[in-house]
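To start, the structure under review is shown below, and the notes come after it.
What you see is a predicted model; the values in this text were computed from it and never measured. Just so you know, these numbers use all the heavy atoms, side chains as well, and skip hydrogens, waters and symmetry mates.
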Amino acid sequence: RSLTLSQCNSQYEEGFVGLSQLSALKTLTINQMEFDDPMDGLFTLDTLEELHITHSKFYMPPNEVTVSDNLKVLDLSYTDFITMPGYGEYRYVGYEDEVIAQSVLQNYFSATALEELYLDYYLIGDLSGLNNLSNLKVLSLQRCDLTEIAETDLSGCTLLEELYLSKNQI
């Protein structure tokens with residue numbers, strides 16, 4: 001039901017293809033890992049209730065993100081998505097590149113069962129998608145370089161009980 005991968009380097013997505021066959025997997029935790037491939041298999045597990053990808057680096061953003069209808073907890077804190085425009089050239093994204101960070105995150109704004117969302121150190125330019133998360137109870141946006149939150153951004157989060165915004169410019 002639960003799998004934790006920590007402090008490893010993965011150079012090939014093939015090593016994680018078997019994850020999609022774990023039909024009873026409910027919680028996946030990935031911590032301090034680096035991925036050289038988009039690792040689409042990690043983002044297409046439809047049985048997950050909790051997905052924690054923290055302090056990790058993806059050297060290519062995922063091509064496909066499928067959100068489980070059962071996903072209740074998502075944690076992408078301190079995770080970077082990095083593109084390689086040419087050999088040896090890295091362009092950091094994640095909390096430093098709003099466009100790619102937003103495109104990865106946008107897929108999760110349709111996760112209506114989501115109850116907890118942790119995006120610490122994640123650059124978020126458009127918070128309006130949070131409005132769709134009507135079951136959200138916990139939202140952590142610490143150190144996201146936010147300068148404002150519009151009243152309408154969270155108006156759909158009627159069950160929100162905990163909001164963490166420390167170290168922002170609000």
Side-chain angles (χ1 to χ4, degrees), residues 1-83 90 92-97 100-124 127 129-130 132-133 135-144 157 159-167:
R1 290 185 44 98
S2 179
L3 177 63
T4 299
L5 306 169
S6 185
Q7 298 182 354
C8 302
N9 288 335
S10 170
Q11 295 181 354
Y12 305 101
E13 182 176 2
E14 291 81 18
F16 289 88
V17 169
L19 285 178
S20 62
Q21 298 173 9
L22 299 176
S23 60
L25 190 63
K26 301 293 182 196
T27 301
L28 177 59
T29 302
I30 296 171
N31 185 37
Q32 296 181 7
M33 292 188 67
E34 295 185 12
F35 299 96
D36 292 338
D37 292 308
M39 301 306 293
D40 290 331
L42 295 177
F43 294 92
T44 57
L45 296 168
D46 60 1
T47 60
L48 286 181
E49 293 178 3
E50 295 187 26
L51 177 58
H52 306 270
I53 303 177
T54 59
H55 299 277
S56 296
K57 288 183 175 26
F58 289 82
Y59 290 99
M60 298 178 80
N63 296 311
E64 178 183 358
V65 176
T66 303
V67 180
S68 166
D69 291 337
N70 302 317
L71 190 66
K72 293 181 181 169
V73 178
L74 175 64
D75 186 351
L76 294 177
S77 297
Y78 298 91
T79 294
D80 295 322
F81 294 92
I82 302 167
T83 59
Y90 296 98
Y92 286 84
V93 300
Y95 68 89
E96 295 181 12
D97 187 314
I100 294 178
Q102 192 72 31
S103 69
V104 171
L105 186 59
Q106 196 66 35
N107 294 286
Y108 290 101
F109 287 160
S110 65
T112 55
L114 202 61
E115 295 177 1
E116 298 179 28
L117 180 58
Y118 302 90
L119 298 171
D120 303 335
Y121 261 101
Y122 201 91
L123 186 64
I124 307 165
L127 294 176
L130 293 172
N132 299 326
L133 304 177
N135 289 315
L136 199 62
K137 295 179 183 175
V138 178
L139 176 60
S140 184
L141 300 170
Q142 299 178 86
R143 297 179 181 259
C144 291
C157 303
L159 299 178
L160 192 63
E161 297 171 358
E162 299 175 37
L163 177 62
Y164 301 98
L165 297 170
S166 67
K167 304 290 184 179

Rounded to the nearest 0.5 Å, what's the gap from [atom1] on [X] to [atom2] on [Y]? Could you check?
{"X": "Asn70", "Y": "Lys26", "atom1": "CG", "atom2": "NZ", "value": "6.0 Å"}
{"X": "Ser77", "Y": "Ile53", "atom1": "OG", "atom2": "CD1", "value": "11.0 Å"}
{"X": "Leu71", "Y": "Leu117", "atom1": "CG", "atom2": "CG", "value": "9.5 Å"}
{"X": "Ile30", "Y": "Asp75", "atom1": "CD1", "atom2": "CG", "value": "11.5 Å"}
{"X": "Tyr118", "Y": "Leu74", "atom1": "OH", "atom2": "CG", "value": "10.5 Å"}

Those residues that, when tested against [X], pass side-chain hydrogen bond (donor to acceptor under 3.5 Å, both in side chains) (two or more places apart):
{"X": "Glu50", "result": "His52"}
{"X": "Glu161", "result": "none"}
{"X": "Ser140", "result": "Asp120, Gln142"}

Can you give me the closest heavy-atom contact between [X] and [Y], atom names plus distance?
{"X": "Val73", "Y": "Leu114", "answer": "N-CD1, 3.8 Å"}
{"X": "Val138", "Y": "Leu160", "answer": "N-CD1, 4.0 Å"}
{"X": "Leu25", "Y": "Thr47", "answer": "O-OG1, 2.7 Å"}
{"X": "Asn132", "Y": "Thr112", "answer": "O-CG2, 4.3 Å"}

- Could you label the plane-to-plane angle of the His55 and Tyr78 rings as parallel, tilted or perpendicular, counting under 30° as parallel and over 60° as perpendicular? parallel

- Let me see the working for Leu127 and Leu141 under side-chain contact (heavy atoms from CB on, under 4.5 Å), right down to the final yes or no. CA-CA 10 Å; Leu127 294 176; Leu141 300 170; 4.3 Å; yes

